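Notes follow once the structure below has been shown.
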Amino acid sequence: MADRIGVVSTLPPDNEGRRLLLDDGRTEHIEPDLTDDQIKAHFDLDRVAHAPKIRFCEGLLLDGPLAGTRNYSVNELGSRATYYLPRPPDGDFPRPPPQPGLVYEVVVLGADSKPAELRYVTDLTRTG
């Protein structure tokens with residue numbers, strides 16, 4: 001039998017408490033001061049994990065097809081994100097599918113008001 005696992009969010013508690021994601025896909029609000037043992041007992045879990053905090057920041061795409069574009073990225077060296085070229089206006093019908101994804105990687109961390117810098121890696125349609 002598989003372990004039952006719950007994951008506690010890193011979001012600060014709101015008026016309803018913290019969020020707990022259960023392995024069956026449900027999300028529950030939990031009191032902010034519950035311990036892991038209390039959470040396990042209440043939800044009949046084998047293990048409680050805590051989601052890592054993800055640090056988002058503004059990112060500047062330095063080169064490639066989207067050079068000069070600003071977007072959001074995860075502020076960790078080596079973190080990769082997929083971005084897409086803009087699609088034609090909605091007036092075109094039927095609307096064409098999105099262009100291939102373009103992968104960029106964080107090479108310089110963002111700090112204060114300076115965005116992270118990302119370099120073009122490849123598009124997802126290239127092989128080898």
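Keep in mind that this is a model prediction, so the values were computed, not measured. These numbers come from the heavy atoms of this one structure, side chains and all, not from hydrogens, waters or symmetry mates.
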Determine, step by step, whether I39 and I30 satisfy the side-chain contact (heavy atoms from CB on, under 4.5 Å) criterion, reporting the C-alpha distance in whole Å, the side-chain angles of both residues, the deciding distance to 0.1 Å, and the verdict. CA-CA 8 Å; I39 295 169; I30 57 174; 3.6 Å; yes
Considering only distance and modelled atom types, tabulate donor-acceptor pairs under 3.5 Å from the side chains of residues 40-55, sequence neighbours left out.
{"from": "D46", "atom 1": "OD2", "to": "R4", "atom 2": "N", "distance (Å)": "2.7"}
{"from": "H50", "atom 1": "NE2", "to": "D36", "atom 2": "OD1", "distance (Å)": "2.9"}
{"from": "H50", "atom 1": "NE2", "to": "D36", "atom 2": "OD2", "distance (Å)": "3.1"}

Would you say P65 and Y120 make side-chain contact, with heavy atoms under 4.5 Å? yes
Close side-chain approach of E28 to L22, heavy-atom, < 4.5 Å: yes
Run the numbers on C57 and S73 for side-chain contact (heavy atoms from CB on, under 4.5 Å), then give the verdict. CA-CA 6 Å; C57 69; S73 69; 3.9 Å; yes
Should L20 and R26 count as side-chain neighbours, where that means a heavy-atom distance under 4.5 Å? no
Stepwise side-chain contact (heavy atoms from CB on, under 4.5 Å) check, F56 with V74: CA-CA 5 Å; F56 289 101; V74 175; 3.8 Å; yes
Min side-chain heavy-atom separation L61-Y83 under 4.5 Å: yes
Please set out all donor-acceptor pairs under 3.5 angstrom arising from side-chain atoms of residues 103-118, sequence neighbours excluded.
{"from": "Y104", "atom 1": "OH", "to": "D63", "atom 2": "O", "distance (Å)": "2.7"}
{"from": "Y104", "atom 1": "OH", "to": "L66", "atom 2": "N", "distance (Å)": "3.1"}
{"from": "E105", "atom 1": "OE1", "to": "R80", "atom 2": "NE", "distance (Å)": "2.7"}
{"from": "E105", "atom 1": "OE1", "to": "R80", "atom 2": "NH2", "distance (Å)": "3.0"}
{"from": "K114", "atom 1": "NZ", "to": "E117", "atom 2": "OE2", "distance (Å)": "3.4"}

